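Model, not experiment: these values are computed from the prediction. Every number for a ligand or one of its atoms is a count from 1 in the order of the listing.
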Amino acid sequence: MKEELNKIIKSAQNDIGQAGSLHDLMQLKSRYTGKKSILNSFMQKIGTLPVAERPAFGQTVNQAKAQLAELLAQREIEIKEKEYESNLKSQVIDLTMPGRKSESGSLHPITKVWRGIEDIFISLGFDVAEGPDVEDEFHNFDALNTPADHPARNLSDTFYLEDDVLLRTQTSTVQVRVMENHQPPIKIISPGSCYRNENDASHSPMFHQVEALVVDEGVTFADLRDMLNIFVKKMFGEDIESRFRPHFFPFTEPSAEIDIICVKCHGKGCNLCKGSGWLELGGAGMVDPNVFDMLGIDSEKYTGYAFGLGMDRVAMLKYKIPDMRLLFENDVRFLKQFK
Ligand code: DAH
């Protein structure tokens, strides 16, 4: 039996030395030293030996087991080291390879225009004011001298969320909020989103306006005209003229619409300006004394001007964008052009 045992130990040593993977090693482990292993079967045969030989044989088997366990553990370390090294070799990092390019984004044309407009008016001494997109009728209509039967209040233009809760249709609401809380001198602009139930190539249900309000003693229509002229030239270029056309707004008197000379044809007439040579930019006027009275500002002492410009229109004119809907479709091919 001893000879048999020696043979098995030899073949085990041989097998373990040749095991090439951890998986092979696991199998050898259970074959030689596990519960149902060959060595254990020797232990069971111990009863067939003469009593005197049993202890010595038992010891021999146990020693053999320990020896094999040690060999297995050593081989395991060797195999793991080999695997680690071959992994290192196969996963070589080539530091000379060019990196993967990550594309940088760009600002949306409206964001660019928004920031540009803020920069211009801040440099002209204006503060930037803000108001909520969700408004009530007082701030959007009543305080702006817009009577209850005015067509703009109609559901077909204004998005009502509930009775007396609506999405503001104009940033003129911020005029009201500023005058409610401040006495003149006031000199603010307020850029922001507005909402109306309209949707075509030159109207979007969500759009952007910048409102301006200047109130002080002795503010005149000439100041308004001058300020808009300065703005237009800073925004579109020194050669771009502007003009006022008489108009009506409930909250200004007198009121005007502001046009600039066509940025494409410079007044000759083209498809952008539909042959007129002029492009419409927004509305303006002298604050109606009724508005002052409603908001607790002394209309005998103060005068003021206000204007509201479409920022999407400014972006369309500045970047020659033919359809307003392009601004809100988030098509990467379109947006990429503004890098
Ligand atoms: N809020 C007006 C609109 O959405 C634009 C406007 C006109 C604003 C005249 C003004 C103004 O401040 O004085 O059509």
Original post:
What do you reckon, does His247 put a non-hydrogen atom under 4.0 Å from ligand 1?
Top reply: no
Original post:
In terms of atom number and element, which parts of ligand 1 are under 4.0 angstrom from non-hydrogen atoms of Glu211?
Top reply: 8 (C), 10 (C), 12 (O)
**OP:** Using heavy-atom distances, let me know which of Phe251, Phe207, Phe248 sits nearest atom 11 (C) of ligand 1.
**Re:** Phe251
Original post:
Does Arg196 reach ligand 1 with a nitrogen or oxygen that is under 3.5 Å from one of the ligand's nitrogen or oxygen atoms?
Top reply: yes
**OP:** Using a 4.0 Å heavy-atom threshold (strictly under), name the region of Tyr305 that reaches ligand 1: side chain, backbone, both or neither.
**Re:** neither
Subject >> Check: Ala306 N/O within less than 3.5 Å of ligand 1 N/O >> reply: yes
Original post:
With respect to Tyr319, which candidate in Phe334, Phe236, Phe338 satisfies the ring-ring contact (aromatic ring centres under 6.0 Å, His included) definition?
Top reply: Phe338
Original post:
Gly283 heavy atoms, cut-off 4.0 Å: which ligand 1 atoms fall inside?
Top reply: 6 (C), 7 (C), 9 (C), 11 (C)
**OP:** Provide the number and element of each atom of ligand 1 under 4.0 Å from a heavy atom of Gly308.
**Re:** 6 (C), 8 (C), 10 (C), 12 (O)
Original post:
Would you call Asp157 and Arg196 a salt bridge, using N to O less than 4.0 angstrom?
Top reply: no
**OP:** Pull out every atom of ligand 1 sitting under 4.0 Å from any heavy atom of Gln209, numbered as shown with elements.
**Re:** 3 (C), 4 (O)
Subject >> NZ/NE/NH1/NH2 to OD/OE distance under 4.0 Å, Lys233 and Asp239 >> reply: no
Original post:
Which atoms from ligand 1 have a heavy atom of Ser172 less than 4.0 Å away?
Top reply: 1 (N), 8 (C)
Subject >> Asn140 and its side-chain hydrogen bond (donor to acceptor under 3.5 Å, both in side chains) partner, picked from Thr158, Thr169, Thr173 >> reply: Thr169
Subject >> Any side-chain heavy-atom pair of Val134 and Leu161 under 4.5 Å >> reply: yes
**OP:** Just do the side chain to side chain donor-acceptor pair (under 3.5 Å) check on Tyr32 and Ser11 with the steps written out, would you?
**Re:** CA-CA 10 Å; Tyr32 287 111; Ser11 88; 3.2 Å; yes
Original post:
What's the verdict on side-chain contact (heavy atoms from CB on, under 4.5 Å) for Ile79 and Glu76, showing C-alpha distance, side-chain angles and the deciding distance?
Top reply: CA-CA 5 Å; Ile79 290 175; Glu76 186 174 333; 5.9 Å; no
Subject >> Distance filter under 4.0 Å to Gln175 heavy atoms, resulting ligand 1 atoms >> reply: 12 (O)
**OP:** Return the residue, atom name and 0.1 Å-rounded distance of the protein heavy atom closest to atom 2 (C) of ligand 1.
**Re:** Gln170 OE1, 3.6 Å
Subject >> Ionic contact status for Glu78 with Arg75, cut-off 4.0 Å >> reply: yes
Original post:
Judged by non-hydrogen atoms, does Gly285 sit under 4.0 Å from ligand 1?
Top reply: yes
Original post:
Closest heavy-atom contact between Gly304 and Phe292?
Top reply: N-CZ, 3.9 Å
Original post:
Just which atoms of ligand 1 are under 4.0 Å from any heavy atom in Phe249?
Top reply: 7 (C), 9 (C), 14 (O)
